[in-house]
Amino acid sequence: MTLTGGKYKVSFRRLNMLENKLKVTVIGILLALCIFSTFYFYLALHTEVVFTHFFYIPIILTAVWFPRKAIFAAMLLAAVILFACLFAPCACPTCSLIRAVMFIVIAIFSDELCYKIRKAYKEELKSREQMLYSEKLSAVGRLVTAVMHELNRPVTVIDDAVKTMLSKTDKESSQYASLRAVEENISKIKELINHIQIFTRKTEPKLTPLNVEAVINNALALIGEELKGSNITVSTRFEPDLPYIRGDSQQVEKVILSIIDNAREAMEEKERKIGEYKKELAINVYPENNFVDISISDTGGGIPREIEDKIFEPLFTTKKEALGLGLSMCKRIVEEHKGSLEAKSSDRGATFIIKLPASS
């Protein structure tokens, strides 16, 4: 399924490239016709007619197809008109100058208008995607809550029964070892149910001014032994005079820990495939407008292109023993903080950028 989606994605990109090439070709032909007609009417026929009105067609098409690029087409046509005017006795210099200026004015106006329309359209699409994501998350949450509620009761009964049986069983017997194994697996199930219930339970973050450096250092202290055991080199860089962020310390720490743990697993998986290599985790924190950006980069295998747009979806995972709730939970927490979470991938590895609003 994933591979097929990747093929569709590649085909779409190729189709988009062909479409852009066709648009460039059309604009190029129209510009060439405009340039030819200018010299033909001005210099060959020694006449000045209203054909220059058609010059607005390639200008406006460029603005529609390639916002903020129409000015270049307008400047080219303006230069052609003024150049031809120098050698054409029939041409009116003032009229040619006015036309040239009008080309540029129309281009600037069209560029800005088309750019704003396209930007508004993209924002509308993004808003709809977020709405669909929220609805999907809400539906999954309601379903999972109901299932977990019904599942939790029999699991608790079984757990109590196993504990009672353990207390009455001789520790030296083979049954005791089997019951202990059952108890351990029941504990895992209960922990899993608890994790899912925490994920589906919507809790408002307790927003207070936070020292982001202290939060990150605390998270690294908690997971430091695991990173050290995996031979991962950690580097941190904090821009001086970082503003405080406004957030819930526990929730922000949970997001950072989750992303660092994912990075650790990605690097370990890569090491299993290619053998021992230098594993590095880099955390860079810097202010960006009214936000503080936390960039967490690893040298793992990166994110396959065909799943880049799915990693934040609930219940999506590429791991055999995972639920696919970690990154979707991180995204939800960050968005509840009025921030954003995005992922980038390269040959070197993956980078997650947590953007949180600075405390005013």
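This one's a predicted model, so the numbers in the text were calculated from it and none came from an experiment.
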same_hphob_cluster([X], [Y]) at 4.5 Å side-chain heavy-atom cutoff:
{"X": "Leu18", "Y": "Ile27", "value": "no"}
{"X": "Leu222", "Y": "Ile333", "value": "yes"}
{"X": "Trp65", "Y": "Leu77", "value": "yes"}
{"X": "Ile59", "Y": "Leu30", "value": "yes"}
{"X": "Met329", "Y": "Leu257", "value": "yes"}

Measure from the side-chain N and O atoms of [X] to the backbone N and O of [Y], and report whether any donor-acceptor pair falls under 3.5 Å.
{"X": "Asn185", "Y": "Ala181", "answer": "yes"}
{"X": "Ser167", "Y": "Thr164", "answer": "yes"}
{"X": "Ser258", "Y": "Lys254", "answer": "no"}

Nearest heavy-atom neighbours spanning [X] and [Y]:
{"X": "Arg68", "Y": "Asp111", "answer": "N-OD1, 2.9 Å"}
{"X": "Leu210", "Y": "Gly247", "answer": "CD1-O, 3.3 Å"}
{"X": "Cys114", "Y": "Ala63", "answer": "CB-O, 3.2 Å"}
{"X": "Val24", "Y": "Phe66", "answer": "CG2-CZ, 3.8 Å"}

Does the pair Lys355 and Asp293 meet the rule for a salt bridge (charged side-chain N to carboxylate O under 4.0 Å, His left out), with working shown?
-> CA-CA 5 Å; Lys355 190 182 287 286; Asp293 288 8; 2.9 Å; yes
Starting from the C-alpha separation in whole Å, work towards a yes-or-no answer on salt bridge (charged side-chain N to carboxylate O under 4.0 Å, His left out) for Arg180 and Glu183.
-> CA-CA 5 Å; Arg180 282 289 297 168; Glu183 184 188 34; 2.7 Å; yes
Phe238/Tyr286 aromatic ring centres below 6.0 Å |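 Phe238 vs Tyr286: aromatic centres not under 6.0 Å.
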Measure the shortest side-chain to side-chain distance between [X] and [Y] over non-hydrogen atoms and say whether it is less than 4.5 angstrom.
{"X": "Leu76", "Y": "Ile35", "result": "yes"}
{"X": "Ile353", "Y": "Lys344", "result": "yes"}
{"X": "Thr208", "Y": "Ser249", "result": "no"}
{"X": "Phe83", "Y": "Thr38", "result": "no"}
{"X": "Glu280", "Y": "Arg348", "result": "yes"}
{"X": "Asn290", "Y": "Pro357", "result": "no"}
{"X": "Arg246", "Y": "Pro209", "result": "yes"}

Quick check for you: to the nearest 0.5 Å, what is the distance between [X] atom [atom1] and [Y] atom [atom2]?
{"X": "Asp248", "Y": "Glu253", "atom1": "CG", "atom2": "CD", "value": "10.0 Å"}
{"X": "Lys270", "Y": "Ile274", "atom1": "NZ", "atom2": "CD1", "value": "5.0 Å"}
{"X": "Asn262", "Y": "Asp298", "atom1": "CG", "atom2": "CG", "value": "9.0 Å"}
{"X": "Glu239", "Y": "Glu288", "atom1": "CD", "atom2": "CD", "value": "10.5 Å"}
{"X": "Thr299", "Y": "Lys278", "atom1": "OG1", "atom2": "NZ", "value": "9.5 Å"}
{"X": "Phe352", "Y": "Ile283", "atom1": "CZ", "atom2": "CD1", "value": "13.5 Å"}

Pairing of Arg272 and Glu269 as salt bridge, 4.0 angstrom limit |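 The answer is no: the pair does not qualify as a salt bridge.
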Does the pair Ile260 and Leu227 meet the rule for a side chain to side chain contact (heavy atoms under 4.5 Å, CB included), with working shown?
-> CA-CA 9 Å; Ile260 291 175; Leu227 297 174; 4.1 Å; yes
Give a yes or no on whether [X] atom [atom1] has more than 12 heavy-atom contacts from other residues, nucleotides or ligands under 6.0 Å away.
{"X": "Phe72", "atom1": "CZ", "answer": "no"}
{"X": "Glu276", "atom1": "CD", "answer": "no"}
{"X": "Glu112", "atom1": "CD", "answer": "yes"}
{"X": "Asp170", "atom1": "CG", "answer": "yes"}
{"X": "Glu226", "atom1": "CD", "answer": "yes"}

Before giving the answer on salt bridge (charged side-chain N to carboxylate O under 4.0 Å, His left out), spell out for Lys163 and Asp160 the whole-Å C-alpha distance, their side-chain angles and the decisive distance to 0.1 Å.
-> CA-CA 5 Å; Lys163 281 183 169 61; Asp160 291 341; 5.9 Å; no
Walk me through it: do Asn211 and Tyr244 pass the test side chain to side chain contact (heavy atoms under 4.5 Å, CB included)?
-> CA-CA 5 Å; Asn211 182 335; Tyr244 276 39; 4.0 Å; yes
Strictly by modelled atom types, are Ser230 and Glu268 linked by a side-chain donor-acceptor pair under 3.5 Å?
->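 Yes, a side-chain donor-acceptor pair sits under 3.5 Å.
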Where do Leu220 and Thr236 land on the side chain to side chain contact (heavy atoms under 4.5 Å, CB included) test, with the steps shown first?
-> CA-CA 10 Å; Leu220 288 173; Thr236 57; 3.7 Å; yes
Determine, step by step, whether Leu341 and Ile259 satisfy the side chain to side chain contact (heavy atoms under 4.5 Å, CB included) criterion, reporting the C-alpha distance in whole Å, the side-chain angles of both residues, the deciding distance to 0.1 Å, and the verdict.
-> CA-CA 11 Å; Leu341 175 61; Ile259 292 173; 4.0 Å; yes
